[in-house]
**Q** 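The structure that follows is given in the form of structure tokens.
In what follows, every chain begins at residue 1, and chains take the letters A, B, ... in the order their sequences are listed.
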Number of protein chains: 2
Amino acid sequence: MTTAQGARERARNEVTAAIKEEARRQLAAEGAAKLSLRAVARELGMVSSALYRYFPSRDELLTALIIDAYDALGAAAERARDTAGDAAPVPRFTAVCEAVRTWALAHPHEYALIYGSPVPGYAAPETTVPAAARTGMVLIGIFRDARRGPGLAELPLPAELRPEAERLAADLAPDLPAEVAAALVAVWAQLFGLVSFELFGQFNNVIEDRERFFRHAVTGLARGAGLR
Amino acid sequence: MTTAQGARERARNEVTAAIKEEARRQLAAEGAAKLSLRAVARELGMVSSALYRYFPSRDELLTALIIDAYDALGAAAERARDTAGDAAPVPRFTAVCEAVRTWALAHPHEYALIYGSPVPGYAAPETTVPAAARTGMVLIGIFRDARRGPGLAELPLPAELRPEAERLAADLAPDLPAEVAAALVAVWAQLFGLVSFELFGQFNNVIEDRERFFRHAVTGLARGAGLR
DNA sequence: ACACAAAAAAGAGCAGTGCTCTTGCAATGG
DNA sequence: CCATTGCAAGAGCACTGCTCTTTTTTGTGT
């Protein structure tokens, strides 16, 4: 049994959760750079050193928040995919993209935490990989579905990139052709380029109607990657 | 006369330059988060408070570095454009893209400073705008040149986005059609999406042959935006 | 050549940070 | 019931950005 394993364990889990909750509050309010162990402890009515019983370092706490952020974004993407139901590939794709953008706009600091500049000296541990992959999986799924039916056009693939693309396909989606896998990864990076530029202020004084622009851009992205 | 305007002024400029130089060294070595005024001062053999005569705050020093980084990237892009000479639009475009990527890989922390997550509470002042625009100008120039000659295909533009695209064209490149301006901005964001993903580690364990992948992706980008 | 004002540097200090180590207390389980 | 174990607290270290005051340097006009 994993519940009811002693009051001690239970209390520990509760305190851990409270710390993460307060940390997430501070993250949303001020950003990762201003997330302070001491402030979290203060808010929770404990002394800073006590926190180290729960998280061995500030970075470890950040890692926990990173995983949560990846999961929240992945869940938002999955929800959009499910809502889009059995629409055509392009609208399904754009629906997921818009969900990503909407989540990012609603949680800018958490987005910056996972897709912004990495903290120097901090390497994301393996633990984050599954959570990080969730959103990508949703995109892969859309391309996979598009292959059944007439929804996927032919794509060029230069010979010099074929080995890499084959490897990519084998790793990510063994049932997809190499050129689709390559296009998929490019689309993935470009999607987050659009979101990051908007969120990180590069569109300030450049683009006004960002929602419409985004919709147009991701439609182009979908078409460019062969979705029909 | 602006030179030889008193030894005092001259000394001031020299110290300012030395501070920026040392700061850039530390930035390259450890990243923006670990850039410390005290450490810079220490390295220069002065006391930390003396630095405030030259830069009113750490953020102001960062701003100076940001402008330098934008300028260096812009210069790299311009060099690539000039080297590409009168090649066809697509190779000229990819040459500039590869120059951007190469510069970013060579100066990861400076890249992160300008295209990574913004420092919370820090808004880039107007001063950075001209430097920031340089790289974009290079891309605009390529599209402009492509219009003379057969190098630019027709692009779709949804009616709902036309007003925004017209405004965009008027602001950025009055001699380009609205749909080209819109595509340009999207390409711009997507290019930096590719570079950021590689630099920020999202391609770890995903893409091996990053150079070839990048070349393929930006070629697709160019085609998608109408270059031929 | 010298005195003076302006500029620069130094020093002390404040409030904050992450993190470590020791000490004391209290709940748990044999 | 009491030893063990888990946890919180406190003090302290080495930092950070930044301010304010005092001292020193330095270019220049008389």
**Q** Provide, to the nearest angstrom, the distance between the OH atom belonging to A:Tyr52 and the P atom belonging to C:dT17.
**A**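 About 11 Å, once rounded to whole Å.
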**Q** Decide if atom CD of A:Glu21 counts as having more than 12 heavy atoms of other residues, nucleotides or ligands within a radius under 6.0 Å.
**A**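 No, the 6.0 Å shell around CD holds no more than 12 heavy atoms from other groups.
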**Q** Rounded to whole Å, how long is the line connecting atom CG of A:Leu37 with atom P of C:dT20?
**A**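 Result: 11 Å.
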**Q** Looking across every strand, which nucleic acid part, if any, lies under 4.0 Å from B:Leu44 by heavy atom: base, sugar-phosphate, or nothing?
**A**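 Result for B:Leu44 = nothing.
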**Q** Just the rounded figure in Å: distance from P of D:dG17 to CD1 of B:Ile19.
**A**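 Value for this atom pair: 13 Å.
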**Q** Rounded to whole Å, how long is the line connecting atom CD of B:Glu30 with atom C1' of D:dT16?
**A**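 Answer to the nearest Å: 15 Å.
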**Q** With heavy atoms under 4.0 Å as the rule, sort A:Leu35 into base, sugar-phosphate or nothing.
**A**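 Contact class for A:Leu35: sugar-phosphate only.
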**Q** Hey, could you give me the OG/CG distance between A:Ser196 and A:Leu191, rounded to the nearest 0.5 Å?
**A**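 If I round to the nearest 0.5 Å, the distance is 9.0 Å.
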**Q** Just how far is it from atom CG of B:Leu105 to atom CD of B:Glu211, taken to the nearest 0.5 Å?
**A**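 One gets 9.0 Å once the value is rounded to the nearest 0.5 Å.
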**Q** Taking only Lys NZ, Arg NE, NH1 and NH2, and the carboxylate oxygens of Asp or Glu, determine whether B:Glu160 and A:Arg212 approach each other closer than 4.0 Å.
**A**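 Yes, B:Glu160 and A:Arg212 are salt-bridged.
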**Q** If an axis is fit to five pairs at each end of the helix from C:dA1-D:dT30 to C:dG30-D:dC1, what is the angle between the two, to the nearest 10°?
**A**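 Computed angle between terminal axes is 10°.
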**Q** Could you list all the ring pair (Phe, Tyr, Trp, His ring centres under 6.0 Å) pairs where at least one residue sits in residues 40-82 of chain B, not counting sequence neighbours?
**A**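 Ring pair (Phe, Tyr, Trp, His ring centres under 6.0 Å) check on residues 40-82 of chain B returns B:Tyr70-B:Tyr115.
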**Q** Heavy atoms under 4.0 Å is the rule here; annotate nucleotides 5-12 of chain D 5' to 3' with B where the base is hit, S where only the sugar-phosphate is, and - elsewhere.
**A** BBBBBB-B
**Q** Rounded to whole angstroms, how far apart are CZ on B:Phe55 and P on D:dT19?
**A**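 Atom-to-atom, B:Phe55 to D:dT19, this comes out as 16 Å.
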**Q** D:dA14 P sits how many Å from B:Lys34 NZ, rounded?
**A**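 So the two atoms are 18 Å apart, to the nearest Å.
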**Q** Can you list the residues that meet the salt bridge (charged side-chain N to carboxylate O under 4.0 Å, His left out) rule with A:Arg167, with sequence neighbours excluded?
**A**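 Only A:Glu164, A:Asp171 meet the salt bridge (charged side-chain N to carboxylate O under 4.0 Å, His left out) criterion with A:Arg167.
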**Q** If you round to the nearest 0.5 Å, how far is CG of B:Asn204 from CD of B:Gln202?
**A**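 Answer for the CD-CG pair, B:Gln202 versus B:Asn204, is 8.5 Å.
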**Q** Would you kindly give the CZ-to-C1' distance between B:Arg42 and C:dA10, to the nearest whole Å?
**A**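 Distance, rounded to whole Å: 16 Å.
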**Q** Kindly write out the residues that satisfy ring pair (Phe, Tyr, Trp, His ring centres under 6.0 Å) with A:Phe93, not counting sequence neighbours, or none if the list is empty.
**A**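 Once residues adjacent in sequence are excluded, A:Phe93 has no partner under the ring pair (Phe, Tyr, Trp, His ring centres under 6.0 Å) criterion.
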**Q** For A:Phe203, what residues pass the ring pair (Phe, Tyr, Trp, His ring centres under 6.0 Å) criterion, not counting sequence neighbours?
**A**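 Testing A:Phe203 for ring pair (Phe, Tyr, Trp, His ring centres under 6.0 Å), a comparison that skips the adjacent residues, returns A:Phe197, A:Phe213.
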**Q** OP1 or OP2 of D:dG17 versus the side-chain N and O atoms of B:Ser36: is any pair under 4.0 Å?
**A**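 Yes, within the criterion.
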**Q** Round to the nearest Å and state the distance from B:Arg58 atom CZ to D:dT16 atom P.
**A**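 Going from CZ in B:Arg58 over to P in D:dT16 covers 11 Å.
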